[in-house]
Amino acid sequence: MSISTKYNPKEVEKKWYDSWMERGFFHSEPNPNKEPYTIVIPPPNVTGVLHMGHMLNNTIQDVLIRRARMQGKEACWVPGTDHASIATEAKVVAMLKEKGINKSDLTREEFLKYAWEWKEKYGGIILEQLKKLGASCDWDRTRFTMEEDLSAAVIEVFVDLYRKGQIYRGVRMVNWDPQGQTALSDEEVIPKDTMAKMYHLKYEVVADGAEKTYLTVATSRPETIMADVAVAVNPNDERYTHLHGKSVRIPLLGKEIPVILDEYVSIEFGTGALKVTPAHDLNDYELGQKHRLPTIDILNNDGTLNEQAQLYVGQDRFEARRNIVKDLKEADLLAKIEEYASVLQTSERTGAVIEPRLSMQWWCKMDKMAKPALEAVMNDEIRLHPPKFKNMYRAWMENVHDWCISRQLWWGQQIPAYYLPDGSFVVAATAEEALKLARKESGNDNLQLSDLRQDEDVLDTWFSSWLWPISVFDGFKDPDNKDVLYYYPTNDLVTAPEILFFWVARMIMAGYEFRNELPFKNVYLTGIVRDAQGRKMSKSLGNSPDPLDLIDQYGADGVRAGMLFSSPAGNDLLFDEKLVEQGRNFSNKIWNAFRLIKGWEVDESLPFPNEVAVKWFESRFNEAFVQIEDHFSKFRISDALLAVYKLVWDDFCSSYLEMIKPAYQQPIDKQTLEATTAILEKVLKVLHPFMPFITEEIWHELKERKPKEYLIVAPWPKKDKFDKDIIEKMENVLNVVGTVRNIRNSKNIANSKQLDLYIKVMNQDNYEPFHSILSKLANLGEIRFVQENVEGAISFIVAGDEFFIPMEGNIDVAAERERLQKELEYTKGFLASVDKKLSNERFVSGAPEAVIANERKKKADAEAKIHAIEQSLASL
RNA sequence: GGGGUGUUAGCUCAGCUGGUUCAGAGCACCUGCCUUACAAGCAGGGGGUCACUGGUUCGAAUCCAGUACGCCCCA
C-alpha cells in the first residue's frame, strides 16, 4: 500500500463536499424530537468577494454548527446575501457607463432590470466561495434581502412602524456630491489631507456709537457667508463679553444677524468667533436648531449659488469663493488669510468636493425600541462574547440617535409613501391601498392612481437586514409557520464588532418589536483581520491575500485552523501566512498518524502489551475533552482548537503512538490496533468541526463504513470519567523520559546508544507498570530498582524520586558537581521563600487550608530534594 | 472633547474567582538528528522586574487609583 507522505487536500475536499451535499447532511427540517440549533449567516453583500474577514467569521460559524450537528441537535445554518443598495448601485452604474449608458437616461424600471441581471450574474459568487471553505449551510434555505417575500416584509414593517408613529420625515445633513448630483453614505466619502486657507472676515458690530467696530470671524468657506444666520462666541470668552446681546452685519451683504453664546465654540480655534451657517454645515445645523435659528440654503444641486445667496447667483461655489475674496479685499473686510492643514471630504465616485447639505429624509425613532434591546443585553438574556462589548453597547444604546432610513437610490425597496397633488402624503403597502387612503383622507373621491406619486427613495439596506433572523423563516408573511416557531429565536450569531450597532442592536430591537422575543442568545464578536503590520486588510491597500489562493495552497482545513489559531473573540487577528502554514502542517501531522496506523499488519497470535498506554490515553482524552467542552461553552473557540491541537500532536502522536508503535516492519497485536482505531475515531470527532475534510477522509479510509455512517453526523463524544492517578504517574514517567533525552543531548550521546536506568524510589508501583514505555521512549537497556545511590552515575530527581544513569566511569565529575551545586542553591532559595511564607503568622491564619497544605508539601518536597542532591554531591 | 478598551518572551496572543513547583502557548531563534508515519518532521534548549508609580491584601500579571503610550467608537 502506498499513501502519499504528504496530505493532498485538493483531491479530498471536493469529493467530500459533494458527498455531504448529495446526502443532504446540511439540510434541516423542524424535528420536534430534536433540539434546534440555529445560526443565520450575516448576509454578505452581493457585490462582495470572499475576503479574510468572511473566512474567519464563517469558519467560526461552521465550527459551531458542525459541533451542534454531531451533538445530535437539529442544526440549521441559513445562508444568504444582502442587496447592498449603495455598493450594488455603484457597480451597476459603472457597468452601464462602460456600455456607454448613463443612469439618468434610464427609467427606474429599466435601471432595475439591469441591476437584477447584474445580481443574477455576480450575486452568488460569494456563496460559491463559502462552499470551498467547507461551510455546511443549508443551501436549500438560501435567502436574499430583496427577494419578493423579504421585500414584502420590509414594506409591511415600514407601514406598521409608520402607523405606530415610529417613522417620520425630517431634515438631515447629507454628503452631497454636486458632480454626481447624489447623496453619498459616509463610507463613500474619502477624506483627503490638504492645506486650506482660513479667511479672517470683518463683521461690523451693530452699535449706536458713531465709530465702526468689527468682529473678526475665521472661515475656510467665505462664499457661504450669505447663508449665515448668526455668529457664535463662547460665553466664557472674555474678549467678547461686550458683544453679548449685540448683533453684527454680514460683510458685503450688510444683513444683520445676532451674536449668540454657546460653549460649543472653541476659544482657541480661529478667532474664537464662529459664523453659523445651518444649511451648509452639520455642527452649525445643530447649533441652529438649539438656538432656533432659520436655515438659508444658497446652493443648487450642481454646486452653483441660487437666488437665496443674492450675490454671485449662478456661479459655481469655487468661482464664487474667488470672487468674494476679491470683493472682500477691495471692501477692506478681509483681515488676513492663513494656511492651515485640514481634511477635505471628497467623493469616492467623482472626486468632487463634498458639500454638506440639508435634505428631507425618512427617520425611524429609536428610543422606545432601544429600551428592551438594551435591557436584554445588560441582564445577559443575550450574551455578548467577549462581554467587554456590553459597555460599548450600553453607551450607544443610551445615546441612540434616530435612524435615517431613506437613501437617494433606486436599488432597494422603494419607500411606500405616496404624495398627493397637494403635497400631503399617505403610507400604504400598495398603490391601490394608498389610493383608498388618499381618497378618504383628502375627501376627494375623484383622485386617481395617476394623481399619486410614490416617494423616489429606497430604504437603507440595514432596514432589510435588521429583520433577517425573522424574515429568513418567513416570520412576517406567516407568523405562525412551523419553521419560524421551531427555529426562532436562533442560538448564536457570529459577526464583527464594527456592525454591533448598525446591525446587531437593530436585530435585537426588531426581535422584541415584531415577535416580542430575542433574535438570538449569544453574539460572538470576531476581531478584524489585519496584516502583519496591523493594517486593516483592504482591496485598495492590496495587503489581503486571496482566500481562494490560500485554500489552494494550504487546503481548506489548513486555512481554517490557521485562522483560528490566533483569534480570541473580539481581538483583532494579525494575519500571517505562517499561521496557515502551521494549519497545513497540522493536517499533515494528522495524515501521517493515520498512515502509520493504516500501515500496520495484525498478528492475531500476539499478546496485548499496551494496556497501560491505552488506559492512559483514554483518561487523557477524557481530561482534555472536559477542557475542550468548557472552552466551547464559553465561546473560546481558539482555545478549544489549541487544546485539540495539543491533544493530537503531543499526547496522541508524540506520546501514545510512540508508546505502542511496534518495531519497524513488525506486526501489531489485534487488541492494540482495535483500541488505537477507536481512539483515532474519537480524536477525529473532536477535530472534525475545525478540519472537516481531512477528518472525513481518514474516517472513511480507516474502516468500511455504512452508507450513512459519515463523520459529519457521527455522535459527538460524551464527557466521561478519567483516572487522575494514571495521568499523574504518566506525567512523571514522561518527565523521566525528557530528562534522559536532555542528558543524551547535553552529553552528546547518540540516540541509538542504549542507556541503563537505576531508580531509587519509595513506591515502585509508580514506575513498575511503565517499564516498557520508559525503555521504548528513552531507549533504555536495563531498568532496575535500587536502595542506595549509584556511584559513577549521572543523577536526577523527578517528583521526589531519584534516578541514576551509570556512565561507565567516563563522567565529568567537575561539570556534574557544578550542575548539582547550581540546582542545590536554587532549591535552597526556593525553600527559603516557602519557609518565609509559612513563618508568617498572618499567612497561616489568613490563607485557606488548601493553600497552606500546598505550601507545606512544597516545603517537604524541597527538603527531600536538597537531601538527595547533597547525597549525590557527596558520592561524586 | 466624551466614552470604551488595551499594554505579559523578538513577534502574535493565553493566563477565567487574587493562591498548584517561584508566568504559558504558537511562531521565530539556538543545538543535535534524513532514527523508514511525518524534514510540512524528531529530540532538546535559551529567552519575561507581567508599561510605569502608588494603594488594598498574609499574598497582585490578576483588584483600585494615577501616569505614559496605543487602538476603537461617538461628536
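Here the structure is a predicted model, which means the values were calculated and not measured. Protein chains get the first letters and strands the later ones, always in sequence-line order, with residue 1 at the start of each.
For the atom pair CD1 of Ile628(A) and CG of Leu641(A), the computed distance is 9.5 Å after rounding to the nearest 0.5 Å. The CD atom of Glu802(A) sits 8.0 Å away from atom NE2 of His867(A), with the distance rounded to the nearest 0.5 Å. One distance of note links CZ of Phe501(A) with OH of Tyr393(A); it measures 9.0 Å at 0.5 Å rounding.
You'll find that the side chain of Asn592(A) is closest to A37(B), out of A37(B), C27(B), A25(B). If you check C27(B), A75(B), A14(B) against the side chain of Gln582(A), the one that comes closest is C27(B). Ranking A37(B), U35(B), G44(B) by closeness to the Leu657(A) side chain, first place goes to A37(B). Here the nucleotide nearest the side chain of Asn588(A), chosen from G44(B), C38(B), U35(B), is C38(B). Comparing G44(B), C16(B), A25(B) by their closest approach to the side chain of Leu642(A) singles out A25(B). Closest to the side chain of Phe501(A), out of A14(B), A43(B), C73(B), is C73(B).
A61(B) sits 11 Å from C52(B) when the P atoms are compared, rounded to a whole Å. Atom name C1', nucleotides C71(B) and G24(B): the rounded distance is 25 Å, in whole Å. Nucleotides A14(B) and G59(B) have their C1' atoms positioned 23 Å apart, rounded to a whole Å.
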Could you run down the sub-3.5 Å N/O contacts of the protein with nucleotides 55-59 of chain B?
from   : atom 1 : to        : atom 2 : distance (Å)
C58(B) : OP2    : Arg842(A) : NH1    : 3.4
C58(B) : O2'    : Asn840(A) : ND2    : 3.0

Tabulate protein N/O versus nucleotide N/O from nucleotides 1-10 of chain B, keeping only pairs under 3.5 Å, one per line.
from  : atom 1 : to        : atom 2 : distance (Å)
U5(B) : OP1    : Asn391(A) : ND2    : 2.7

Secondary structure of RNA chain B in dot-bracket form (Watson-Crick or G-U wobble, distances below 3.5 Å, | marking inter-strand pairs)
(((((((..((((.....[....)))).(((((.......))))).....(((((..]....)))))))))))).
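Between the side chain of Glu658(A) and the base of A37(B) there is at least one donor-acceptor pair of N/O atoms closer than 3.5 Å. The base of C27(B) has none of its N or O atoms less than 3.5 Å from a complementary donor or acceptor on the side chain of Lys578(A).
For the 3.5 Å distance criterion, the side chains of Tyr554(A) and Glu577(A) qualify, holding a donor opposite an acceptor.
Between Glu863(A) and Lys859(A) there is a salt bridge, since at least one side-chain N of the basic residue sits less than 4.0 Å from a carboxylate O of the acidic one.
Nearest-nucleotide mapping onto RNA chain B: of Leu596(A) and Asn748(A), the residue sitting toward the 5' end is Asn748(A).
Taking 4.0 angstrom as the limit, Ser654(A) places a side-chain polar atom (N or O) nearer than this to OP1 or OP2 of A43(B). Neither OP1 nor OP2 of A43(B) sits under 4.0 Å from any side-chain N or O of Asn742(A).
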